[in-house]
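What follows is a set of notes on a single structure, which appears directly below.
To find a chain, count down the sequence lines: A is the first, B the second, and so on, and within it residues start at 1. Source: prediction; values computed, not measured. All heavy atoms count here, side chains included; hydrogens, waters and symmetry mates do not.
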Number of protein chains: 2
Amino acid sequence: MRRLGRELGVEAMSLYNHVPNKEALLDGMVEVLLAEMEVSVDGKEGWEERVREVFRSFRRLAHAHPDVFVLFAVRPPTTSKVVWLLPAFLDALRGAGWEMRTSLRAFRALSSYTIGYALVEVRGSVPEPARDRTGILGAAEEERIFEMVPILNGADRDAEFEFGLDLIFTGLRAELERG
Amino acid sequence: MRRLGRELGVEAMSLYNHVPNKEALLDGMVEVLLAEMEVSVDGKEGWEERVREVFRSFRRLAHAHPDVFVLFAVRPPTTSKVVWLLPAFLDALRGAGWEMRTSLRAFRALSSYTIGYALVEVRGSVPEPARDRTGILGAAEEERIFEMVPILNGADRDAEFEFGLDLIFTGLRAELERG
DNA sequence: ACCTGAACACCGTTCAAGT
DNA sequence: ACCTGAACACCGTTCAAGT
């Protein structure tokens, strides 16, 4: 609050004339973040490609404002979180022909995946492990870890994210066929 | 630090004889959390059921220590995060016959989903939306939101989580068949 | 080797007093 | 209606001084 006050050329206490407290300020930032989400879905054919586009936009939001995105992920749910994300999803879903419970489960799966993926991404890459640090593991397992960390860090994130979406959509299509 | 000191019957500054700073303390807590993860996989037949069990354990960890789990999700990656989770996964995967890149992508998909799902779960349920709050939406969309929030909150979390795992595993099995 | 007092540079928030 | 000074009850951290 004090720093924000300084930035605005005002004392910290003045802020309380405009905002109830710091928490409200943080939630407001998240709200602004979500309002910024732009989903351009109109050109897309078919529910699958439209839904993909919603979650791609969501991930782009995390890249654009990583710190606020962490707030989004961590702070308790608010109405605005639901109000921004859910209609965008349901809108993209038109034509899929699911009942509501299935739609909501699909939403939970896709949003959980996207939140988790973007969060891991935003935190940065895994540090090179120190040799002594891994003493808990057997020698073979230790070797495996050393081999994997660079591959983990060197991955093409966009392709990797799409791969995860592919998995989930394969599951959803199968679900749809079963009725 | 001051509160922890009090809890230990000692002044806050004394802690700096044992720990470099607060950050290190938080990372240590995450490390203890991960060390606590118990995966009982030995009885399970087949890689799929074993891998499922790994991520179920992970989610159970979030329920047991929600605050530390949030730290896990938010703090930068450390060696110990990889060292605990990845070997457990790779171990469960034996017999699936994938190359490393595919294994790592499967790991990313499943861990992202589980982190995201557990995080949303841990934050608590969505508040009942206020009627005036949703003025941004059209009337029909507003009605849809009002209808959905109770369903969203009332869901059977265990079943919902498993449903998401189902989707991803369906995708992985398809991937496996294609080679 | 470990603990402490004093000190520094911070926080968020309240409230009476000002314009 | 909005801003401010003073004040309260906090933070994490350093460092010289103690045992």
Over how many whole Å does the gap from [X] atom [atom1] to [N] atom [atom2] extend?
X     : N      : atom1 : atom2 : result
A/L26 : C/dC11 : CG    : C1'   : 14 Å
A/L15 : D/dT4  : CG    : C1'   : 12 Å
A/M1  : C/dT13 : CE    : C1'   : 9 Å
A/N17 : C/dT13 : CG    : C1'   : 13 Å
B/L25 : D/dG12 : CG    : C1'   : 12 Å
B/Y16 : C/dG5  : OH    : C1'   : 16 Å

Within one Ile-Leu-Val-Met-Phe-Trp-Tyr cluster: A/L26 and A/L4, side-chain cutoff 4.5 Å: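 Looking at the clustering, A/L4 is in a separate group from A/L26.
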What's the gap between D/dA9 and C/dA9 when it is taken at their P atoms, as a whole Å value?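 After rounding to an integer number of Å, I get 23 Å for this pair.
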Positions of residues 2-14 of chain A (non-hydrogen atom under 4.0 Å from DNA chain C), listed by number: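 Within residues 2-14 of chain A, the residues near DNA chain C are A/R2, A/M13.
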Of B/W84, B/F89, B/F72, the residue whose pairing with B/F58 passes ring-ring contact (aromatic ring centres under 6.0 Å, His included):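 Option passing the ring-ring contact (aromatic ring centres under 6.0 Å, His included) with B/F58: B/F72.
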Applying the ring-ring contact (aromatic ring centres under 6.0 Å, His included) test to B/Y113, which of B/F161, B/F163, B/F169, B/F55 qualifies?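 Result: among B/F161, B/F163, B/F169, B/F55, B/F161 is the only option passing the ring-ring contact (aromatic ring centres under 6.0 Å, His included) with B/Y113.
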Charged N to carboxylate O below 4.0 Å: is that the case for B/E53 and B/R56?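 Counted as a salt bridge, because a side-chain N and a carboxylate O are separated by less than 4.0 Å.
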Backbone of B/G116 reached by a side-chain donor or acceptor of A/Y117 within 3.5 Å: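 The answer is no, because no donor-acceptor pair under 3.5 Å joins these two groups.
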Please collect all side chain to side chain donor-acceptor pair (under 3.5 Å) contacts where either partner lies in residues 97-108 of chain B, sequence neighbours excluded, each pair once.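 Of all non-adjacent pairs touching residues 97-108 of chain B, those that pass side chain to side chain donor-acceptor pair (under 3.5 Å) are A/E160-B/R108.
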Stem ranges for DNA chain C, with three or more consecutive Watson-Crick or G-U pairs under 3.5 Å?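 Runs of three or more consecutive pairs: C:4-8 with D:12-16, C:12-16 with D:4-8.
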Determine: side-chain N/O of B/H18 to OP1/OP2 of C/dA1, distance under 4.0 Å, yes or no.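 Answer no for this pair, as no side-chain N or O of B/H18 is under 4.0 Å from OP1 or OP2.
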